[in-house]
Amino acid sequence: MHVLVVHDYGPLGKVLLERLRETSLHVSPLLVSDPASANLSALESWIPEDTDLIVNALWLADPEAAEMDPEGTHRAAFSLPVAIAEFARDRDIALFQLSSCYVFDGRKQSGYIASNPGQPVNELGNWQWECEQALRTLLPRHIILRTGWSLSRFIRKVQASTASAKALALPGRCVGQPVSVRDLARVMTAVIQQLDCGAEVWGTFQYAGAEEISLYELGLAIAGLPGIPESLHVVDDMPAWGALEPPNTTLICTKIRNTFGIKQFPWRSGLVEELAILRSEAKQVGARTPTA
């Protein structure tokens, strides 16, 4: 099976490509450095004719960034994947698309299952939910994978707070499950390999790391990592961006286990490695940035 991985400069694309290249799959990368400005009419020149599966590994999991660039979010979270889906439909290509827990409003008292309808409360969730619905209409052979919180996003918040020497406010009322880049790449690879083996199991699935936790407690867990200054102060408070966070984003992940045999891994086991990946990424970005 020829798998085309659409990715940006973020760590998920790099880690996913590394894992896929360890398999027997024929893997091709497609770097989209700026999804918001991608030329959607150029898909035919981007996508090889013999492609069997397109994996859109552009992982959008930061509602703050989405609110600051609504037009860019619309293009990256909706226009680009829908254009890929239309292209794939006309050429009998399957599509693997990422979504997130932000399609939900968080009012449910228990965890969300894959069949629950979206009711987004922020820009990111709105366009991801619109994208999900469009894909279900356009392309029967699709996998939509909703993810939990990006662990990297909150490690970066801790790092930024450390650099500014300010207390980090994280809301204890917001509960969910983070997922690390490497664990997400593991899950995506496992699904792709089963599709390669002929599994005709399409639809919407969910994955997040094992163990529900509040954002405040997550901040405390990150603050305890080696290399994070002990002077960092995490407080249970509602920051300005907290309004974008649904109170409950807990995902029930039994469907992906029952369908593909994929078990949840504890997100805590990936904390140290996620921090190392981000530090490595920061060095690479620094190396790419020209000095005056």
Side-chain angles (χ1 to χ4, degrees), residues 4 6 12 32 35-36 38 40-41 43 47 53-63 65-67 69-108 110-150 176 179 184 187-188 191-192 195 199-208 244-256 258-260:
L4 179 72
V6 182
L12 177 61
V32 181
L40 303 184
S41 63
L43 288 176
I47 300 174
L53 173 68
I54 300 171
V55 178
N56 185 1
L58 301 172
W59 188 24
L60 304 175
D62 186 346
E67 294 293 322
D69 184 12
E71 181 56 33
T73 300
H74 171 226
R75 288 182 62 83
F78 179 79
S79 300
L80 177 58
V82 168
I84 293 173
E86 290 173 339
F87 182 92
R89 175 198 58 195
D90 297 340
R91 290 158 181 82
D92 194 29
I93 300 172
L95 175 62
F96 191 132
Q97 173 67 35
L98 293 174
S99 187
S100 80
C101 58
Y102 289 107
V103 300
F104 299 121
D105 63 9
R107 294 182 183 179
K108 195 179 178 194
S110 56
Y112 287 91
I113 60 175
S115 59
N116 286 143
Q119 290 183 313
V121 294
N122 57 44
E123 194 78 20
L124 177 61
N126 178 55
W127 288 118
Q128 287 180 328
W129 176 240
E130 291 292 330
C131 176
E132 285 191 20
Q133 295 182 94
L135 262 56
R136 294 185 189 106
T137 302
L138 283 168
L139 191 64
R141 294 174 67 234
H142 69 261
I143 296 284
I144 295 170
L145 180 61
R146 294 183 189 135
T147 72
W149 295 325
S150 163
V179 60
L184 179 55
V187 170
M188 294 174 70
V191 172
I192 294 165
L195 296 179
E200 288 289 330
V201 280
W202 309 102
T204 303
F205 300 87
Q206 301 184 152
Y207 184 80
L244 302 173
E245 296 291 336
N248 174 29
T249 55
T250 303
L251 301 178
I252 304 298
C253 304
T254 52
K255 184 180 177 182
I256 199 168
N258 293 341
T259 305
F260 295 105

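Nothing here was measured: the structure is a model prediction, and the numbers come from that model.
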Seminar exercise, completed: By side chain to side chain contact (heavy atoms under 4.5 Å, CB included), Ser79 pairs with (sequence neighbours left out) Leu40, His74, Arg75
Problem set entry | Non-hydrogen atoms of Pro247 and Gly106 that approach each other most closely | CG-O, 3.3 Å
Exercise. Who pairs with Asp62 by side-chain hydrogen bond (donor to acceptor under 3.5 Å, both in side chains), at least two apart in sequence or on another chain?
Worked result: Arg153
Problem set entry | Distance-minimising heavy-atom pair for Pro63 and Leu124 | N-CD2, 3.8 Å
Seminar exercise, completed: Heavy-atom nearest pair, Ile84 first then Ile54, reads CG2-CD1, 3.7 Å
Seminar exercise, completed: Tightest non-hydrogen contact, residues Ala208 and Leu251, listed as CB-CD1, 4.4 Å
Exercise. How would you list, by chain and number, every residue that makes a salt bridge (charged side-chain N to carboxylate O under 4.0 Å, His left out) with Asp92, sequence neighbours excluded?
Worked result: Arg141
Seminar exercise, completed: Ser100 meets the side-chain hydrogen bond (donor to acceptor under 3.5 Å, both in side chains) criterion, sequence neighbours left out, with Gln128
For this session: Would you please name every residue forming a side-chain hydrogen bond (donor to acceptor under 3.5 Å, both in side chains) with Ser115, sequence neighbours left out?
Result: none
For this session: Under the side-chain contact (heavy atoms from CB on, under 4.5 Å) rule, what do Glu67 and Asn122 come out as? Steps first, then yes or no, please.
Result: CA-CA 7 Å; Glu67 294 293 322; Asn122 57 44; 3.5 Å; yes
Exercise. Of all residues at least two apart in sequence or in a different chain, which pass the side chain to side chain contact (heavy atoms under 4.5 Å, CB included) check with Cys131?
Worked result: Phe78, Pro81, Gln97, Leu135
Problem set entry | Single hit among Asn248, Thr250, Asn116, Thr249 for side chain to side chain donor-acceptor pair (under 3.5 Å) with Lys108 | Asn116
For this session: Please name all residues satisfying salt bridge (charged side-chain N to carboxylate O under 4.0 Å, His left out) with Glu132, sequence neighbours left out, ordered by chain then number.
Result: Arg136, Arg146
Problem set entry | Minimum-distance pair of heavy atoms, taken over all atoms of Ala134 and Val82 | CB-CG2, 3.9 Å
For this session: Would you name the heavy atoms of Ala94 and Trp202 that are closest together and state the gap between them?
Result: CB-CH2, 3.6 Å
For this session: Sequence neighbours left out, what passes ring pair (Phe, Tyr, Trp, His ring centres under 6.0 Å) with Phe96? Give chain and number order.
Result: none
Exercise. Between CD1 of Ile143 and CG of Asn56, what distance do you get to the nearest 0.5 Å?
Worked result: 14.0 Å
Exercise. Going from CG on Leu95 to CG on Leu4, what distance comes out if it is rounded to the nearest 0.5 angstrom?
Worked result: 10.5 Å
Exercise. If we ignore angles and hydrogens, is there a donor and acceptor under 3.5 Å between the side chains of Trp59 and Thr147?
Worked result: yes
Exercise. For the atom pair CD1 (Ile144) and CD (Gln206), what is the distance rounded to the nearest 0.5 Å?
Worked result: 11.0 Å
For this session: Answer yes or no: is there a side-chain heavy-atom contact under 4.5 Å between Leu145 and Val191?
Result: no
Problem set entry | With sequence neighbours excluded, residues passing ring pair (Phe, Tyr, Trp, His ring centres under 6.0 Å) with Tyr207 | none
Exercise. In Å and rounded to the nearest 0.5 Å, what is the NZ to OG1 distance from Lys255 to Thr204?
Worked result: 5.5 Å
Exercise. For Gln119, which residues count as a side chain to side chain contact (heavy atoms under 4.5 Å, CB included) partner, sequence neighbours excluded?
Worked result: Asp105
Problem set entry | Any residue meeting side chain to side chain contact (heavy atoms under 4.5 Å, CB included) with Pro120, in chain and number order, not counting sequence neighbours | Asn126, Trp129
Problem set entry | Point-to-point distance, once rounded to the nearest 0.5 Å, from CZ of Phe87 to CG of Leu138 | 14.5 Å
Seminar exercise, completed: d(Ile93 CD1, Leu139 CG) to nearest 0.5 Å is 9.5 Å
For this session: Only pairs at least two apart or in different chains count here, so list each salt bridge (charged side-chain N to carboxylate O under 4.0 Å, His left out) that has a residue in residues 111-129.
Result: none
